[in-house]
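For reference, the structure is listed below as structure tokens.
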Amino acid sequence: MLEYCVCPKCERMIMLDSDFDSGFCCVCGTHISYDEAREELLSGLRASIPDELTIAPGLSGLIEYSGDGEYMTEYSEGEDYYAAADYSEPQIYGLSECREECAKGSEFLGKWDFSSAFKAFSKALDWYPADFESRCGLMVSGILRLKDTENWERYLSECIEQIRSQSDWNMAGAALEYTLDILKKFLSKGGRYVSPSYTIGFFERLVRSFPAQKQTAAEILAHCLNIENAPLTDAARLDHETTRFAVGSCPNEPDKNLRRGMLLIMRCHCDARVKESLCRALYVYDRVVWLRAKDAVRINDAVDLCEEITNGEFPPADVKIVINTIYDFLMMGALEQNSTEREKLLFLSNVYSFEQIRRMERFFGGKIFFNKLYAEIYLKQKGASLISPEYKRIQAKIIQLSE
């Protein structure tokens with residue numbers, strides 16, 4: 001089975017087969033030991049995780065059995081979320097086997113062996129599907145093994161659906177906090193581990209169900225969006241070496257529908273500078289390629305973002321960031337200094353359809369350049385003329401803005 005490792009010589013992320021004692025680095029070609037390369041990865045991650053987040057054997061001590069056929073959850077401030085559980089086992093078929101496998105999974109988590117932990121927690125749930133501690137462990141190990149990002153949302157949803165009381169949110173919240181912290185540390189090691197097109201549902205469900213985690217989730221999602229869709233920029237990156245290697249599932253080409261992820265970050269991220277730099281990285285970077293290709297999906301996604309950011313749910317500062325950024329993308333802003341206004345008008349009049357330009361008027365109607373472009377595109381429509389009411393309206397708007 002292929003596992004993620006770090007080459008001791010070049011310090012790059014690689015994958016080695018755990019069934020073999022040694023292998024070769026695909027970057028520098030060095031013959032290395034599997035155990036040494038695996039420990040190089042784990043030791044680096046352990047060194048960057050705060051001591052208070054180190055997992056002890058036993059995922060949680062939050063669940064106790066009440067003796068009357070129901071689980072009771074207790075939580076006290078300062079209690080270790082990951083302390084070993086101590087409760088009497090009820091006489092339920094499969095529960096003792098479940099607890100045994102759960103203990104193995106917790107031990108594997110403590111060793112950072114997330115693949116083995118995932119198998120152990122899966123077996124535990126096969127024995128007793130209602131065990132909440134095993135469900136939380138499966139969610140943690142399923143996310144951190146980084147092999148099936150498409151299933152992150154399912155792991156989270158199954159965990160949320162099994163929460164039996166309000167107090168149980170403490171265990172799930174602690175597990176997610178631990179998981180997200182490790183993912184952030186993994187990014188700081190130069191990692192790119194996930195595609196937003198596969199995990200946007202996970203992040204949306206996460207911030208909706210666990211508001212306390214929304215800032216961390218927004219930081220991780222901002223990193224992933226930027227790396228996947230604007231690989232040659234530094235805007236909103238958590239680390240400048242994040243393109244050194246890729247982990248997890250990635251689509252064949254960058255996602256052109258960025259609206260969902262961008263709206264989530266605008267809603268949850270607390271740093272306005274990051275939100276603006278990310279928005280510009282996603283929608284202004286390499287825009288000439290998108291416009292020359294007349295990529296309707298990308299263009300419509302930008303207009304959709306403007307429509308949703310102005311629905312009244314976002315503060316004026318966020319609306320201003322998006323509208324100004326999308327204007328620079330769709331109207332070529334003032335960044336192409338070597339192009340004259342007439343050259344831009346001729347180019348863009350062959351890019352947008354009349355339906356697209358009409359949708360844009362709501363957001364850019366106060367700009368002289370936009371109205372000139374609107375007039376150019378309108379005159380290309382069947383039945384349009386210089387004396388039509390629509391053309392006169394546009395010209396009147398241009399005169400009004402020019403005064």
Is it true that [X] and [Y] make a salt bridge, defined as a side-chain N closer than 4.0 Å to a carboxylate O?
{"X": "Arg358", "Y": "Glu361", "answer": "no"}
{"X": "Asp301", "Y": "Lys256", "answer": "no"}
{"X": "Glu133", "Y": "Arg99", "answer": "yes"}

Would you give me the side-chain donor-acceptor pairs under 3.5 Å for residues 304-311, sequence neighbours excluded?
from	atom 1	to	atom 2	distance (Å)
Asp304	OD1	Arg359	NH2	2.6
Glu307	OE1	Arg359	NH2	3.0
Glu307	OE2	Arg359	NE	3.2
Glu307	OE2	Arg359	NH2	3.2
Glu308	OE2	Arg259	NH1	2.5
Thr310	OG1	Cys306	O	2.8
Thr310	OG1	Glu307	O	3.1
Thr310	OG1	Arg362	NH2	3.0
Asn311	OD1	Glu313	N	3.0
Asn311	ND2	Glu308	O	3.1

Which class fits the ring pair Tyr378 and Phe354: parallel under 30°, tilted 30 to 60°, perpendicular over 60°? tilted

Would a distance-only check, ignoring hydrogens and angles, find a side-chain to backbone donor-acceptor pair under 3.5 Å from [X] to [Y]?
{"X": "Glu204", "Y": "Leu264", "result": "no"}
{"X": "Glu101", "Y": "Glu97", "result": "no"}
{"X": "Thr216", "Y": "Gln213", "result": "no"}
{"X": "Ser134", "Y": "Asp131", "result": "no"}
{"X": "Asp181", "Y": "Glu177", "result": "no"}
{"X": "Ser402", "Y": "Ile398", "result": "yes"}
{"X": "Lys104", "Y": "Ala124", "result": "no"}

Mind checking whether [X] and [Y] have side chains closer than 4.5 Å, heavy atoms only?
{"X": "Phe210", "Y": "Ile160", "answer": "yes"}
{"X": "Leu176", "Y": "Val140", "answer": "no"}
{"X": "Tyr374", "Y": "Glu390", "answer": "yes"}
{"X": "Phe132", "Y": "Cys159", "answer": "yes"}
{"X": "Arg38", "Y": "Tyr34", "answer": "yes"}
{"X": "Phe329", "Y": "Thr325", "answer": "no"}

Could you list the residues that satisfy salt bridge (Lys or Arg N to Asp or Glu O under 4.0 Å) with [X], not counting sequence neighbours?
{"X": "Asp113", "value": "none"}
{"X": "Glu153", "value": "none"}
{"X": "Asp271", "value": "Arg273"}

Ignoring hydrogens, what is the shortest heavy-atom contact between [X] and [Y]? Give both atom names and the distance.
{"X": "Leu16", "Y": "Gly23", "value": "CD2-CA, 4.2 Å"}
{"X": "Ser157", "Y": "Arg205", "value": "OG-NH1, 2.9 Å"}
{"X": "Phe121", "Y": "Cys102", "value": "CE2-O, 3.7 Å"}

Check the pair Phe202 / Ile143 against side chain to side chain contact (heavy atoms under 4.5 Å, CB included), numbers first and verdict last. CA-CA 11 Å; Phe202 164 80; Ile143 294 174; 3.7 Å; yes

Nearest 0.5 Å please: distance from the [atom1] atom of [X] over to the [atom2] atom of [Y].
{"X": "Asp21", "Y": "Glu36", "atom1": "CG", "atom2": "CD", "result": "13.0 Å"}
{"X": "Ser209", "Y": "Ile163", "atom1": "OG", "atom2": "CD1", "result": "7.5 Å"}
{"X": "Lys294", "Y": "Gln356", "atom1": "NZ", "atom2": "CD", "result": "10.5 Å"}
{"X": "Ser33", "Y": "Glu40", "atom1": "OG", "atom2": "CD", "result": "11.5 Å"}
{"X": "Ser141", "Y": "Leu109", "atom1": "OG", "atom2": "CG", "result": "6.0 Å"}
{"X": "Leu206", "Y": "Thr199", "atom1": "CG", "atom2": "OG1", "result": "10.5 Å"}

Inspect the surroundings of NZ in Lys392 and state if more than 12 heavy atoms from other residues, nucleotides or ligands are less than 6.0 Å away. no

Quick one: side-chain hydrogen bond (donor to acceptor under 3.5 Å, both in side chains) partners of Arg154, sequence neighbours excluded?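 side-chain hydrogen bond (donor to acceptor under 3.5 Å, both in side chains) check on Arg154 returns Glu158.
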
Can Arg298 be said to sit on top of Tyr283's aromatic six-ring, NZ or CZ under 6.0 Å from centre and within 45° of the ring axis?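 Yes, Arg298 sits over the ring of Tyr283.
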
Does any donor atom in the side chain of Glu376 or Tyr352 lie under 3.5 Å from an acceptor atom in the other side chain? no

Can you list the residues that meet the side chain to side chain contact (heavy atoms under 4.5 Å, CB included) rule with Lys214, with sequence neighbours excluded?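 Counting only residues at least two positions away or on another chain, Lys214 forms a side chain to side chain contact (heavy atoms under 4.5 Å, CB included) with Val207, Cys268.
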
Begin from the C-alpha positions of Ile32 and Lys9 and carry the test side chain to side chain contact (heavy atoms under 4.5 Å, CB included) through to its verdict. CA-CA 9 Å; Ile32 53 179; Lys9 182 176 181 180; 5.9 Å; no

Among Ile321, Asp318, Val322, which one satisfies side chain to side chain contact (heavy atoms under 4.5 Å, CB included) with Glu276? Ile321

Looking only at the aromatic ring of each residue, does the gap between the centers of Tyr155 and Phe118 stay below 6.0 angstrom? yes

